[in-house]
Amino acid sequence: MHLSELQQIRLQKAEALREQGRQPYPLRASRTHTTEQALVRFAEIESTLPEGGEDPASVTLVGRVVSRRHQGKTIFAHIRDGHGEIQLYIRKDDIGEDAFEDVLKLVDLGDFVQASGNLFRTRMGEISLRVASHSMLSKALNAPPEKWHGLQDVETRYRQRYADLISNEDVRRVFRQRTTIIKTLRAYLDERDYLEVETPTLQPLYGGAAARPFTTHHNALDQTFYLRIADELYLKRLLVGGYERVYEITKDFRNEGIDRNHSPEFTMLEFYEAYADYDVMMGMVEQMIHAACVAVHGSSTFTYNGVEIDLTPPWPRKSLRQAILEGSGVDYVAHPDQAGLLAAARAAGGDIPDGTVWPRIVDELLKQFVRPYLMQPMFLIDYPVELSPLAKRKADDPTHVERFQPYVGGGEIGNAFTELNDPMDQYHRFLDQQKDREAGDLDAMQLDMDFINALMFGMPPTGGVGIGVDRVVMLLTDQPSIRDVILFPAMRNLPAEDTSEE
RNA sequence: GCCCCUCUAGCUCAAUCGGCAGAGCAGUGGACUUUUAAUCCAUUGGUUCAGGGUUCGAGUCCCUGGGGGGGCACCA
């Protein structure tokens with residue numbers, strides 16, 4: 001293992017501690033207060049102290065050394081724990097020459113230390129700990145990134161998220177907010193008597209979405225399994241079983257391209273409610289996303305990509321047909337054939353390649369003429385049946401299904417239907433998918449006869465929603481890439497390093 | 001899969017037309033007993049992503065490969 005000069009110097013300091021009979025990596029730490037509690041404590045008792053007085057009681061704090069300033073026979077340093085930062089004030093007079101020399105010679109930025117002493121307020125007004133004794137908790141061999149600019153290199157930030165988190169407060173904030181958002185979504189459903197469930201990650205057939213799967217093999221069963229691309233078909237089986245409200249927050253896996261909006265593993269929230277329809281589900285979506293925004297920002301509005309967005313419910317609803325008509329001037333219902341719609345789309349200025357099938361042209365019109373302008377929240381509703389093999393047809397228009405997608409900030413954050421519960425209709429739509437599959441469409445859904453069997457036991461009328469949790473987090477934390485809201489994003493392997501000893 | 005950009009010290013970044021690889025932070029040595037991007041003096045540190053080519057001379061130009069970013073395609 002090769003160590004840089006800086007690493008070797010730090011390693012020698014660890015050895016020096018051992019030679020003094022002290023541990024660079026002791027078994028245990030003890031602290032009486034977090035940094036946050038210490039700051040609160042002093043603020044509370046300060047009025048009882050004489051002017052410039054110290055807290056008479058001793059406290060013990062722990063944390064990583066994140067900055068320091070030497071000034072002759074005193075040292076100022078900040079330590080950071082999981083709750084905040086506090087300044088240490090170290091005087092040679094207080095701790096003795098040897099201990100002071102230790103801080104100078106053996107403690108580096110990045111080390112975890114423990115310090116005991118009395119709280120006071122400096123002349124500059126900062127609550128600080130006047131250190132009476134200190135010890136090493138963990139010697140860091142890597143120097144932290146540059147103190148002022150932090151870690152900027154995008155590749156290193158993703159590959160070594162730990163270093164990113166150490167040096168970039170914004171990144172720490174984003175992932176805390178991510179947790180707040182997920183907790184809020186979960187609490188919203190829990191409060192409405194939804195049952196949180198777990199369905200298989202390893203599935204013998206993959207379904208519930210159109211995507212290519214990751215494929216794996218179980219040795220003992222000698223059988224192919226697929227990592228789930230969606231939970232949908234299993235959650236619906238639970239509706240058949242009699243649960244009325246179920247949800248799952250979990251990772252889905254799709255073996256597709258990686259870009260700013262797509263990660264091969266991503267977090268999906270799906271929830272299903274018996275005796276509800278897509279209108280009910282729209283009401284829930286706008287409320288829960290709004291609640292998440294309030295939880296993170298304390299407000300119904302937030303800024304995304306420089307645009308102020310207001311999530312106050314209710315969100316406007318517009319049919320896909322109307323939105324495309326307004327955006328492009330094309331009424332796809334007036335062009336039920338591929339050639340006619342292609343010509344109309346191109347006449348409107350659409351960039352659409354030859355041979356694009358009818359439903360894909362509709363999708364392109366949406367993508368090119370509508371989606372980029374949907375900055376404020378809106379539900380697009382009622383999609384052509386060809387685009388939606390798991391959704392229920394509209395009563396007054398069998399060419400369209402009851403489906404909606406919530407759009408915010410120019411992107412979709414979910415997909416939802418009044419769920420198809422007619423087993424024979426579902427069976428025939430699977431067969432249509434099979435035909436596409438045989439024609440070479442690798443994304444077409446597989447025929448799942450067990451799911452048909454479940455529907456034949458009867459599934460109540462149901463509303464169902466899928467929310468792309470990472471997309472919601474990107475939106476509410478104003479992050480441009482899905483990698484910025486996933487702690488350890490998938491990266492290509494680096495070439496193998498030579499680890500042989502010399 | 002295709003196109004464009006990018007890779008320099010531990011970190012953040014310079015390096016003019018192809019002409020001695022540099023600074024700040026961090027580190028090391030020193031001064032400084034209320035500082036906070038502390039300050040001041042001195043100083044160490046380089047496979048310029050890898051390999052090849054052109055050239056008197058390559059961080060810089062060319063080729064191949066690798067990592068990363070962006071765009072396209074894919075993602076109904």
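Proteins come first, then strands; the chains are lettered A, B, ... in the order of their sequence lines, and each starts at number 1.
Side-chain contact check for A:Tyr383 and A:Gln405: at least one donor-acceptor pair (N or O, by modelled atom type) lies under 3.5 Å. Checking A:Thr122 against A:Gln87 by side-chain atom types alone, no donor-acceptor pair falls below 3.5 Å. Counted by atom type alone, A:Thr462 and A:Glu419 present zero donor-acceptor pairs between their side chains at under 3.5 Å. Side-chain contact annotation: A:Arg260 with A:Gln479, donor-acceptor N/O pair under 3.5 Å absent. For the residue pair A:Thr35 / A:Asp81, a side-chain donor-acceptor distance below 3.5 Å is found, with atom types taken as modelled.
Checked against B:rU36, B:rU33, B:rG45, the side chain of A:Met124 finds its nearest nucleotide in B:rU36. Here the side chain of A:Glu146 is nearest to one of B:rA37, B:rU33, B:rC11, namely B:rC11. Among B:rA38, B:rG27, B:rU34, the nucleotide with an atom closest to any side-chain atom of A:Thr122 is B:rU34. Between B:rU33, B:rA26, B:rU28, one nucleotide has an atom nearer to the side chain of A:Asp108 than all others, and that is B:rU28.
Figure legend. B:rA23 is base-paired to B:rU12; pairs are counted as Watson-Crick or G-U wobble with both atom distances under 3.5 Å. Base pairing annotation: B:rU39 forms a Watson-Crick or G-U wobble pair with B:rA31, both donor-acceptor distances under 3.5 Å. Nucleotide B:rC61 has B:rG53 as its partner under the Watson-Crick or G-U criteria, with both atom distances under 3.5 Å. For B:rC2, the paired base is B:rG71 (Watson-Crick or G-U wobble, both distances below 3.5 Å). With a 3.5 Å ceiling on both atom-pair distances, B:rG45 lacks any Watson-Crick or G-U wobble partner.
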Please tabulate, one pair per line, each protein N/O and nucleotide N/O from nucleotides 66-68 of chain B that are separated by under 3.5 Å, including the distance.
unit_1	atom_1	unit_2	atom_2	d
B:rG67	OP1	A:Arg492	NE	3.1
B:rG67	O3'	A:Arg159	NH2	2.7
B:rG67	O2'	A:Glu155	OE1	3.2
B:rG67	O2'	A:Glu155	OE2	2.0
B:rG67	O2'	A:Arg159	NH2	3.2
B:rG68	OP1	A:Arg159	NH2	3.2
B:rG68	OP1	A:Arg492	N	2.9
B:rG68	OP2	A:Arg492	NE	3.3
B:rG68	O4'	A:Glu155	OE1	3.0

Nucleotide N/O to protein N/O under 3.5 Å, stretch nucleotides 74-76 of chain B:
unit_1	atom_1	unit_2	atom_2	d
B:rC75	OP1	A:Asp443	OD2	3.1
B:rC75	O3'	A:Ala210	O	2.9
B:rC75	O2	A:His262	NE2	2.2
B:rC75	N4	A:Lys367	NZ	3.0
B:rA76	OP2	A:Ala210	O	2.3
B:rA76	O3'	A:Arg360	NE	3.3
B:rA76	O3'	A:Arg360	NH1	2.4

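One cannot find a donor-acceptor pair under 3.5 Å joining the base of B:rU34 and the side-chain atoms of A:Gln71. Interface remark: the A:Arg69 side chain does form a donor-acceptor pair with the B:rU35 base, using a distance-only criterion of under 3.5 Å. Counting distance only, with no hydrogens placed and no angle test, the side-chain atoms of A:Glu126 and the base atoms of B:rU36 include a donor-acceptor pair under 3.5 Å.
Listed pair A:Lys13 / B:rU28 meets the phosphate criterion, a side-chain N or O lying under 4.0 Å from OP1 or OP2. Phosphate proximity of B:rG30 to A:Lys105: present, with a side-chain N or O under 4.0 Å from OP1 or OP2. Side-chain nitrogen and oxygen atoms of A:Arg260 include at least one within less than 4.0 Å of the OP1 or OP2 phosphate oxygen of B:rG71. Distances shorter than 4.0 Å separate none of the side-chain N or O atoms of A:Lys92 from OP1 or OP2 on B:rU33.
Put simply, the residue from A:Gln12, A:Arg18, A:Lys13 that forms a side-chain hydrogen bond (donor to acceptor under 3.5 Å, both in side chains) with A:Glu15 is A:Arg18.
The heavy-atom pair separating A:Arg403 from A:Ser388 by the smallest distance is NH1-OG, 2.8 Å. Across all their heavy atoms, A:Leu49 and A:Glu54 have their closest contact at CD2-O, 3.6 Å.
Distance, A:Asn261 CG to B:rA73 P: 13 Å, rounded to whole Å. One interatomic measurement links the two molecules: NE2 of A:His78 to P of B:rA37, which rounds to 10 Å at whole-angstrom precision. Atom pair A:Ile75:CD1 and B:rG30:P shows a separation of 13 Å (rounding to whole Å applied). Atom C1' of nucleotide B:rA26 and atom CZ of A:Arg64 are separated by 15 Å, given to the nearest angstrom. Rounded to an integer number of Å, the gap from A:Leu104 CG to B:rU33 C1' is 12 Å. Rounded to whole Å, atom P of B:rA26 lies 18 Å from atom CD of A:Gln7. Atom NE2 in A:His70 sits roughly 15 Å away from atom C1' in B:rA37 (whole-Å rounding). Look at CD on A:Gln152: it is 7 Å from C1' on B:rU12, rounded to the nearest Å.
As judged by a 4.0 angstrom heavy-atom cut-off over every strand, A:Gln87 is placed among the base-contacting residues.
The aromatic rings of A:Phe120 and A:Tyr89 lie tilted to each other, with the angle between the two planes from 30° to 60°.
Under the 6.0 Å cut-off for aromatic ring centres, A:His70 and A:Phe100 do not qualify, their centroids lying 6.0 Å or more apart.
A cation-pi contact, defined as under 6.0 Å to the ring centre and within 45° of the axis, is absent between A:Arg161 and A:Phe488.
In this structure, B:rC5 is classed as anti because its glycosidic torsion departs from zero by more than 90°.
Ranked by how close their nearest RNA chain B nucleotide is to the 5' end, A:Phe120 and A:Leu6 are led by A:Leu6.
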